[in-house]
**Student:** 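Please see the structure below; I have some questions.
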There are 2 protein chains.
Amino acid sequence: MNNADDNIASPRTKPLTARELARLMGVSQSAVSRAFTPGSSISPELRQRILKAAGELDYQPNAIASMLSTRRSNIAGIVVSEMQNPFYPTLIEKLSRGLQRVRLQSLMFNITRGSNIEEQLVALRQYNVDAVIIISATVLSGASVQWATDGRAAVLVNRTIPDLPLTSVSCDNVEGARAIADHFHALGRHRVSYVAGLPHTSTNLERQNAFVTRVAELGMRLIHSVAAGEYSYEAGHRAALEIARGEKTDAIFFANDILAAGGMDALRESAGLRVPEDVAVAGFDDVALARWPHYSLTTFRQPIDAIVEKTVSSVTQQLETPSLPPSRNPISGELIIRHSTVAEWLPEIIE
Amino acid sequence: MNNADDNIASPRTKPLTARELARLMGVSQSAVSRAFTPGSSISPELRQRILKAAGELDYQPNAIASMLSTRRSNIAGIVVSEMQNPFYPTLIEKLSRGLQRVRLQSLMFNITRGSNIEEQLVALRQYNVDAVIIISATVLSGASVQWATDGRAAVLVNRTIPDLPLTSVSCDNVEGARAIADHFHALGRHRVSYVAGLPHTSTNLERQNAFVTRVAELGMRLIHSVAAGEYSYEAGHRAALEIARGEKTDAIFFANDILAAGGMDALRESAGLRVPEDVAVAGFDDVALARWPHYSLTTFRQPIDAIVEKTVSSVTQQLETPSLPPSRNPISGELIIRHSTVAEWLPEIIE
DNA sequence: GGGAACATTGCATCCGTATGCAAGCGACGA
DNA sequence: TCGTCGCTTGCATACGGATGCAATGTTCCC
């Protein structure tokens with residue numbers, strides 16, 4: 001039992017290094033490095049030999065060391081705050097996959113509202129992320145974002161920050177809000193209302209302004225315009241009750257689907273109104289529950305795949321061309337009409 | 001305009017290094033490093049002086065270099081796959097905050113089912129993550145997980161992997177499933193059914209076995225036991241319809257809340273049954289929608305905060321004591337009774 | 001056959017921080 | 001007053017790979 005250690009699962013095995021592998025093979029460390037670097041100057045034979053040996057000896061390059069040398073981390077920092085709205089998990093999931101496709105891992109930064117945000121952004125710089133993708137709707141100061149993103153690829157998804165020239169990719173909120181207003185108008189609803197979520201976010205401002213403007217253009221009356229305060233079911237519920245207690249309205253546009261869901265339940269179950277007969281309801285996003293037969297919610301679909309694709313391509317372009325000027329990229333969405341505005345529309349059979 | 005560059009936002013400014021800062025201050029680079037390393041040998045005065053200068057000159061240590069030196073990355077890899085169930089985003093968000101509290105950033109690894117999982121786990125080793133937290137319900141082979149976690153702190157959350165001795169933290173599925181069975185029994189329901197999600201996951205097996213066993217112990221009859229195939233609203237909807245077409249059952253336990261929501265809507269709106277009068281419905285997790293008045297779902301609440309806390313503390317312990325033997329940590333949950341099983345229970349007023 | 005252009009390979013050094021070791025310094029006790 | 005001990009500080013080097021440059025070997029053309 002002289003070599004007892006050999007039999008024990010060895011948690012401490014130091015990973016093989018390029019130098020060691022090189023020594024074992026009688027080649028130089030550079031050769032090993034080149035074997036793993038596409039496009040580097042090495043003969044196909046040697047590369048194959050090294051990759052084969054690497055496979056057998058379970059060598060893989062240490063990404064940390066490589067980051068230090070190249071000053072590229074191959075990491076994208078994703079700044080996130082509200083995971084409650086199911087739209088975001090879906091977005092993040094797809095985004096993270098999209099980034100993996102271009103060899104970027106996703107480092108998540110969960111911003112907690114109220115806590116010291118600057119402090120949380122320090123890590124973005126410390127970890128030397130190549131790209132910063134800001135999804136959080138939470139208000140971030142332009143200065144801190146500028147500082148955090150300084151010199152890196154950066155994309156704001158579904159939001160903008162005043163006075164900060166950064167590339168942004170968003171669903172076309174103006175198009176969406178106008179489409180809803182047009183739809184209400186086409187339905188013959190003329191006494192419409194709007195329910196905001198977080199009032200000061202760029203997303204909300206765009207939707208609200210576009211909706212209100214279009215409503216006026218079409219000669220409809222805006223009966224209520226309330227702020228729910230947050231993007232939650234409960235907030236939508238409260239807002240709907242408040243509206244139901246006031247002057248009669250025949251169509252409500254909620255700033256997103258979750259608000260709309262809470263609102264519909266309140267209208268139907270607490271206010272005793274029929275949706276869509278008494279009041280039509282529309283949301284925004286087209287999250288999964290909008291398709292549920294119970295809600296069957298008319299909504300403006302955010303084209304997640306297109307948003308992800310544009311975000312990823314913008315990141316890669318910025319990485320290739322650091323001087324690329326910022327751009328705004330509104331992505332066209334699609335009005336999805338369902339039962340919550342059109343009684344004749346019957347919920348899809350769920351297959 | 002000789003120094004035109006000065007006026008332009010300088011995206012390329014190379015970050016200040018410890019050496020440079022040291023040179024500027026006339027101290028050694030070691031001193032700078034020590035100033036940022038708690039517990040290192042340095043006088044309080046010098047440390048203060050350095051930290052002050054660092055603040056003014058906007059220096060912060062390069063985490064990459066530090067990782068290379070210390071062989072600690074301060075990164076936890078979170079392996080995730082299903083973000084559709086709202087339980088997981090919530091869990092991940094809290095977990096990520098919990099980890100930040102102990103100075104660990106979260107690197108997310110989104111496992112795509114079907115694609116090459118091993119390949120995706122390579123990055124866990126390359127990035128040298130200190131800890132691996134596996135939340136994904138997707139089936140992972142023991143061997144690949146072992147390889148990926150080799151020698152690091154690792155925790156399986158809400159799942160186990162057969163034959164793989166790893167620390168796990170889960171809601172006590174047995175307790176939960178028994179509580180539901182007991183509840184059905186107390187309600188006088190004796191013809192019960194079970195709806196599974198992903199049939200081969202450890203979570204499902206535990207819930208299913210415990211439920212079936214308890215049902216038998218209590219002398220109730222198990223009428224249907226079906227597998228929805230995935231944890232989705234649609235799957236729950238389909239499963240419920242299938243059950244409604246078969247022999248009459250008076251209580252259904254769905255393996256999670258999303259399934260239950262789909263199931264309830266199907267029972268009520270497609271099968272024309274009353275919930276809870278004709279059939280009682282219970283779920284598992286207590287996600288947000290379980291509280292919505294429309295569902296008002298009886299469910300077994302997973303104690304997310306306790307799970308997160310235990311996970312984080314287990315990680316820190318493992319980091320301190322690498323030889324720590326694996327442990328199982330079932331966390332006690334709580335039966336939440338609502339309208340879907342007890343007609344008299346009225347939905348909470350939403351404040 | 002000689003030389004130039006090219007393809008491969010290795011050498012040496014750098015990336016930015018952490019840390020063992022030894023040197024410097026002041027304080028304290030005998 | 002001198003030796004010793006403890007606290008600070010700096011020096012030198014390690015962490016693991018990437019890469020410019022020089023050295024070597026090949027190929028091709030005149």
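We name chains A, B, ... by the order of the sequence lines, and we start the count at 1 in each one.
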**Student:** The side chain of Ile42(B) is closest to which nucleotide in this list: dT9(D), dT17(C), dC11(C)?
**Tutor:** dT9(D)

**Student:** I want to verify a distance call: between dG17(D), dA14(D), dT9(D), whose nearest atom is closest to the Ser41(B) side chain?
**Tutor:** dT9(D)

**Student:** Is the distance between the ring centroids of Phe109(A) and Tyr127(A) under 6.0 Å?
**Tutor:** no

**Student:** From CE of Met67(B) over to P of dG16(D), roughly how many Å is that when rounded to an integer?
**Tutor:** 15 Å

**Student:** Would Ser314(A) and Gln318(A) count as a side-chain hydrogen bond (donor to acceptor under 3.5 Å, both in side chains) here? Give the steps.
**Tutor:** CA-CA 6 Å; Ser314(A) 171; Gln318(A) 290 183 52; 3.1 Å; yes

**Student:** Would you please confirm or rule out a distance under 4.0 Å between OP1 or OP2 of dT17(C) and any side-chain N or O of Tyr59(B)?
**Tutor:** yes

**Student:** Could you give the CG-to-P distance, from Asn62(A) to dT17(C), as a whole number of Å?
**Tutor:** 17 Å

**Student:** Could you check which of dG16(D), dG10(D), dG10(C) has an atom nearest any side-chain atom of Ser28(B)?
**Tutor:** dG10(D)

**Student:** To the nearest angstrom, how far is Leu68(B) atom CG from dC14(C) atom P?
**Tutor:** 16 Å

**Student:** Could you work out which one of dG20(D), dG17(D), dT17(C) sits closest to the side chain of Arg34(A)?
**Tutor:** dG20(D)

**Student:** May I ask you to verify whether the side chain of Thr37(B) and the base of dT17(C) hold a donor-acceptor pair under 3.5 Å?
**Tutor:** no

**Student:** Do the side-chain N or O atoms of Ser33(B) get closer than 4.0 angstrom to the phosphate oxygens (OP1, OP2) of dT17(C)?
**Tutor:** no

**Student:** For Arg47(A), does the CZ atom have more than 12 heavy-atom neighbours from other residues, nucleotides or ligands under 6.0 Å away?
**Tutor:** yes

**Student:** Once you apply a heavy-atom cut-off of 4.0 Å, does Leu46(B) come out as touching a base, just sugar-phosphate, or nothing?
**Tutor:** sugar-phosphate

**Student:** Look at Thr70(A) and dA18(D) and indicate whether a side-chain polar atom (N or O) is within less than 4.0 Å of OP1 or OP2.
**Tutor:** no

**Student:** Between Ser43(B) and dT9(D), is there a contact of a side-chain N or O with OP1 or OP2 at under 4.0 Å?
**Tutor:** yes

**Student:** Counting side-chain heavy atoms from CB outward, which of dT8(D), dT9(D), dT9(C) is closest to Pro44(B)?
**Tutor:** dT8(D)

**Student:** Which comes earlier along DNA chain C counting from the 5' end, the contact point of Val27(A) or that of Arg19(A), where each point is its nearest nucleotide?
**Tutor:** Val27(A)

**Student:** Identify which one of Val80(B), Val308(B), Val157(B) satisfies the side-chain contact (heavy atoms from CB on, under 4.5 Å) criterion when paired with Ile92(B).
**Tutor:** Val80(B)

**Student:** Distance check: side-chain N/O of Ser66(A) vs OP1/OP2 of dA18(D), anything under 4.0 Å?
**Tutor:** yes

**Student:** Between Asn74(A) (side chain) and Leu104(A) (backbone), is there a donor-acceptor pair under 3.5 Å?
**Tutor:** no

**Student:** Starting from P on dC15(D), measure out to CZ on Arg71(B) and report it in whole angstrom.
**Tutor:** 6 Å

